[in-house]
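The next block holds one structure in the form of C-alpha coordinates; read it before the comments.
Atom set for the values below is all heavy atoms of this structure, side chains included, hydrogens, waters and symmetry mates excluded. Since this is a predicted model, take the numbers as computed values, not measurements.
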Amino acid sequence: MLTTDSDAQRRILNRLRRARGQLNAVIDAVEDGRSCRDVVTQLSAVSAALDRAGFAVISTAMKECLAGPDAGSGEDGLTTEELEKLFLTLA
(Lines give C-alpha, C1' and ligand atoms only; values in the text may rest on other atoms or scores of the structure.)
Protein backbone atom coordinates (compact mmCIF):
# COMPACT_ATOMS: atom_id res chain seq x y z
CA MET A 1 0.00 0.00 0.00
CA LEU A 2 1.34 3.38 -0.99
CA THR A 3 -0.02 5.26 2.00
CA THR A 4 -2.55 4.98 4.79
CA ASP A 5 -3.10 8.76 4.67
CA SER A 6 -6.17 9.29 2.46
CA ASP A 7 -5.43 13.02 2.02
CA ALA A 8 -1.89 12.28 0.84
CA GLN A 9 -3.18 9.60 -1.51
CA ARG A 10 -5.76 12.01 -2.95
CA ARG A 11 -3.07 14.68 -3.53
CA ILE A 12 -0.77 12.16 -5.22
CA LEU A 13 -3.56 10.90 -7.46
CA ASN A 14 -4.48 14.48 -8.40
CA ARG A 15 -0.87 15.18 -9.39
CA LEU A 16 -0.72 12.00 -11.48
CA ARG A 17 -4.02 12.80 -13.18
CA ARG A 18 -2.72 16.28 -13.97
CA ALA A 19 0.41 14.72 -15.49
CA ARG A 20 -1.75 12.36 -17.54
CA GLY A 21 -3.70 15.33 -18.89
CA GLN A 22 -0.49 17.12 -19.76
CA LEU A 23 0.86 14.02 -21.49
CA ASN A 24 -2.33 13.86 -23.55
CA ALA A 25 -1.68 17.50 -24.53
CA VAL A 26 1.84 16.52 -25.70
CA ILE A 27 0.43 13.70 -27.81
CA ASP A 28 -2.18 16.03 -29.28
CA ALA A 29 0.48 18.65 -30.05
CA VAL A 30 2.61 16.09 -31.90
CA GLU A 31 -0.39 14.68 -33.79
CA ASP A 32 -1.46 18.21 -34.76
CA GLY A 33 2.03 19.05 -36.01
CA ARG A 34 2.44 21.91 -33.57
CA SER A 35 5.75 23.68 -33.18
CA CYS A 36 8.76 22.23 -31.44
CA ARG A 37 8.45 24.98 -28.83
CA ASP A 38 4.87 23.95 -27.99
CA VAL A 39 5.79 20.27 -27.74
CA VAL A 40 8.83 20.91 -25.54
CA THR A 41 6.84 23.27 -23.30
CA GLN A 42 4.22 20.57 -22.78
CA LEU A 43 6.91 17.94 -22.16
CA SER A 44 8.44 20.17 -19.54
CA ALA A 45 5.08 20.46 -17.80
CA VAL A 46 4.65 16.67 -17.81
CA SER A 47 8.13 16.16 -16.42
CA ALA A 48 7.58 18.67 -13.61
CA ALA A 49 4.21 17.14 -12.70
CA LEU A 50 5.72 13.65 -12.52
CA ASP A 51 8.62 14.91 -10.42
CA ARG A 52 6.21 16.54 -7.98
CA ALA A 53 4.16 13.35 -7.77
CA GLY A 54 7.30 11.29 -7.15
CA PHE A 55 8.48 13.61 -4.40
CA ALA A 56 5.02 13.45 -2.80
CA VAL A 57 5.09 9.64 -2.87
CA ILE A 58 8.53 9.46 -1.30
CA SER A 59 7.93 12.15 1.31
CA THR A 60 4.71 10.42 2.35
CA ALA A 61 6.53 7.09 2.60
CA MET A 62 9.30 8.72 4.64
CA LYS A 63 6.81 10.25 7.07
CA GLU A 64 5.01 6.95 7.53
CA CYS A 65 8.24 4.98 7.75
CA LEU A 66 9.73 7.22 10.40
CA ALA A 67 6.50 7.65 12.38
CA GLY A 68 5.45 4.00 12.27
CA PRO A 69 5.92 1.42 15.00
CA ASP A 70 8.90 -0.05 13.16
CA ALA A 71 10.63 3.27 12.44
CA GLY A 72 13.43 2.60 10.00
CA SER A 73 11.58 -0.06 8.02
CA GLY A 74 8.33 0.94 6.35
CA GLU A 75 5.31 -1.14 5.45
CA ASP A 76 6.83 -2.01 2.10
CA GLY A 77 9.99 -3.20 3.84
CA LEU A 78 11.89 -0.04 2.88
CA THR A 79 14.59 1.18 5.17
CA THR A 80 15.26 4.88 5.59
CA GLU A 81 18.40 4.38 3.49
CA GLU A 82 16.36 2.87 0.65
CA LEU A 83 13.87 5.74 0.86
CA GLU A 84 16.74 8.20 0.66
CA LYS A 85 18.06 6.47 -2.48
CA LEU A 86 14.60 6.58 -4.05
CA PHE A 87 14.36 10.27 -3.22
CA LEU A 88 17.74 10.93 -4.82
CA THR A 89 16.72 9.14 -8.02
CA LEU A 90 14.26 11.98 -8.56
CA ALA A 91 16.75 14.73 -7.83
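- Leu23 and Val46 make their closest contact through N-CG2, 3.3 Å (heavy atoms, listed as atom of the first residue, atom of the second, distance).
- Residue pairs meeting the ring-ring contact (aromatic ring centres under 6.0 Å, His included) criterion with at least one member in residues 6-53: none, sequence neighbours excluded.
- Under a hydrophobic clustering in which Ile, Leu, Val, Met, Phe, Trp and Tyr are joined whenever their side-chain heavy atoms come within less than 4.5 Å, directly or via other members, Ile27 and Leu43 fall into the same cluster.
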Identify each donor-acceptor pair in which a side-chain atom of residues 13-22 lies under 3.5 Å from a protein atom, sequence neighbours left out, and give them as a table.
from	atom 1	to	atom 2	distance (Å)
Asn14	ND2	Arg10	O	3.4

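- By the side-chain contact (heavy atoms from CB on, under 4.5 Å) test, Ile58 pairs with Met62, Leu86, Phe87, Leu90, sequence neighbours left out.
- Listed by first then second residue, pairs satisfying ring-ring contact (aromatic ring centres under 6.0 Å, His included) with a partner in residues 6-38 number zero, not counting sequence neighbours.
- In this structure, Ser44 contributes its side chain and Val40 its backbone to no donor-acceptor pair below 3.5 Å.
- Applying the ring-ring contact (aromatic ring centres under 6.0 Å, His included) test to every pair with at least one member in residues 19-45, sequence neighbours left out, gives no pairs at all.
- By the side-chain contact (heavy atoms from CB on, under 4.5 Å) test, Ser35 is found to be paired with Arg37, Asp38, residues two or more places apart in sequence or in another chain being considered.
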